[in-house]
Amino acid sequence: MKISPVTKIVGVFGYPIAHTLSPLFQNAAFKELGLNFIYFPFLVKPQDLKKATEAIKALNMVGINVTIPYKKTVLPYVDELSPEAKKIGAVNTIHHCQGKLIGYNTDGEGFINSLREEGRFEPEEKNVYLLGAGGAAYGISHSLIKAGIKSLTLTNRTKEKGELLLNHLKRVFPQICPLRFIEFHQRNSPTLLKETDLLVNTTSVGMNANDSLLINPEIFPRKIFIYDIVYNKNGKTKLMEVAEKRKLPCLGGEEMLIYQGAVSFEIWTKRKAPIKIMKKAIREKNAKIPYCR
Ligand code: NAP
């Protein structure tokens with residue numbers, strides 16, 4: 001990568017940011033397509049988010065990804081929202097276009113694209129069970145409902161937040177498919193799991209490699225598809241390890257990371273993202289670290 005007077009700058013705002021893998025695969029993708037772009041991780045403190053977002057214009061950057069904890073708090077600082085980001089109420093990608101900052105949310109699209117492309121799983125007419133009701137759960141549940149799932153069951157440790165998501169979905173998608181919230185202490189219901197085609201973990205449990213499992217794997221039915229959107233320094237969470245051991249179809253957080261990043265890449269560059277190269281960059285990183293797969 002040669003930095004020149006015309007190098008275009010993109011990156012990610014987060015706090016913390018040291019764990020991010022986005023620079024690795026985004027820079028590999030720019031290099032592959034010969035694009036004079038550089039992707040940089042920015043540690044932005046909460047009190048500096050407004051100034052940092054204004055700097056996208058001041059420094060003539062092309063755009064930015066926004067990660068934990070800013071996906072909602074950045075909303076007042078962008079000029080426009082894509083229809084999707086407006087409905088979800090969160091932004092993970094900003095494009096600086098014709099003097100304006102446009103906010104997008106690529107989490108849901110990245111999730112569904114990876115589910116179909118990498119998991120070979122078609123969500124239409126499937127019963128989905130989603131753990132968590134944080135920022136990621138919003139984009140993912142939107143994309144699942146839009147993909148035509150049969151039903152969605154939610155649970156969340158904090159009941160109020162779970163019900164907030166449920167009511168949000170009922171408002172945005174009235175009468176599309178059965179939506180329900182179950183109490184967190186009922187999350188291991190064998191009847192529920194028996195009916196589940198797709199289980200998605202969107203809680204942050206698993207970020208720490210020692211985190212214990214939220215769901216008892218003994219009651220997983222034989223054909224359930226497990227998608228854990230979390231990744232950790234091992235690359236794989238305990239939930240993924242169990243799913244692989246049980247030979248269940250499954251996908252992990254690195255897949256979603258790449259596919260949501262690919263949508264951001266395409267917004268910024270108007271070029272098709274080289275998914276294979278992005279995956280290779282992550283694979284090589286994992287191979288270099290002895291405790292990774
Ligand atoms: P968030 O808004 O902070 O939400 C965190 C969620 O996890 C909440 O539902 C929270 O429940 C739950 N939670 C946290 N600790 C828990 C525990 N000990 N037991 C049960 N539930 C717990 O975060 P987010 O933005 O939604 O992100 C969630 C995870 O997804 C993070 O690990 C993030 O890195 C990952 N993620 C991955 C991708 C990807 O591309 N692979 C994209 C986005 C996010 P309460 O409401 O009770 O606090």
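Counting starts at 1 for both ligands and their atoms, in listed order. Position 1 is the first residue of the sequence; numbering continues from there.
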Flag side-chain contact, heavy atom, 4.5 Å: [X] against [Y]:
{"X": "V66", "Y": "Y104", "answer": "no"}
{"X": "F220", "Y": "T196", "answer": "no"}
{"X": "L192", "Y": "Y129", "answer": "yes"}
{"X": "K238", "Y": "D211", "answer": "no"}

With heavy atoms only and a cut-off of under 4.0 Å, state how [X] meets ligand 1: side chain, backbone, both or neither.
{"X": "N156", "result": "side chain"}
{"X": "S204", "result": "both"}
{"X": "T203", "result": "both"}
{"X": "N92", "result": "neither"}
{"X": "R157", "result": "both"}

Tell me which protein heavy atom sits closest to [atom], plus the residue, atom name and distance to 0.1 Å.
{"atom": "atom 37 (C) of ligand 1", "answer": "I229 O, 3.2 Å"}
{"atom": "atom 33 (C) of ligand 1", "answer": "I68 CD1, 3.9 Å"}
{"atom": "atom 45 (P) of ligand 1", "answer": "T158 OG1, 3.4 Å"}
{"atom": "atom 34 (O) of ligand 1", "answer": "M207 CE, 3.9 Å"}
{"atom": "atom 43 (C) of ligand 1", "answer": "K71 NZ, 3.5 Å"}
{"atom": "atom 26 (O) of ligand 1", "answer": "A136 N, 2.8 Å"}
{"atom": "atom 4 (O) of ligand 1", "answer": "G134 CA, 3.3 Å"}

> Which option, M256, E160, E254, owns the non-hydrogen atom nearest atom 39 (C) of ligand 1?
Replying inline: M256
>> If we count only N and O atoms by modelled type, under 3.5 Å, do the side chains of Y39 and N65 hold a donor and an acceptor together?
In response: yes
>> Can you confirm whether the side chains of Y259 and T106 place a donor and an acceptor under 3.5 Å from each other?
In response: no
> Do any N/O atoms on G135 end up under 3.5 angstrom from N/O atoms on ligand 1?
Replying inline: yes
>> Would F184 count as a contact residue for ligand 1, given that I'm defining contact as a non-hydrogen atom of the residue lying under 4.0 Å from a ligand atom?
In response: yes
>> I'd like to know if E255 contacts ligand 1, where contact means a heavy-atom distance under 4.0 Å to any ligand atom.
In response: no
> In terms of side-chain geometry, is the basic nitrogen of E54 or K50 positioned less than 4.0 Å from the acidic oxygen of its partner?
Replying inline: yes
> Is K150 salt-bridged to E122, going by a charged N under 4.0 Å from an acidic O?
Replying inline: no
>> Is atom 18 (N) of ligand 1 touching the protein, meaning some protein heavy atom lies under 4.0 Å away?
In response: yes
> Which atoms of ligand 1 have any heavy atom of T202 under 4.0 Å away?
Replying inline: 28 (C), 29 (C)
>> I'd like to check the side-chain hydrogen bond (donor to acceptor under 3.5 Å, both in side chains) partners of R271; sequence neighbours left out, ordered by chain and number.
In response: none
> Are V205 and L251 linked, directly or through other ILVMFWY residues, by side chains that come within less than 4.5 angstrom of each other?
Replying inline: no
>> Taking side chain to side chain donor-acceptor pair (under 3.5 Å) as the cut-off, I'd like each qualifying pair that reaches into residues 183-193, sequence neighbours left out, listed once.
In response: K159-E183
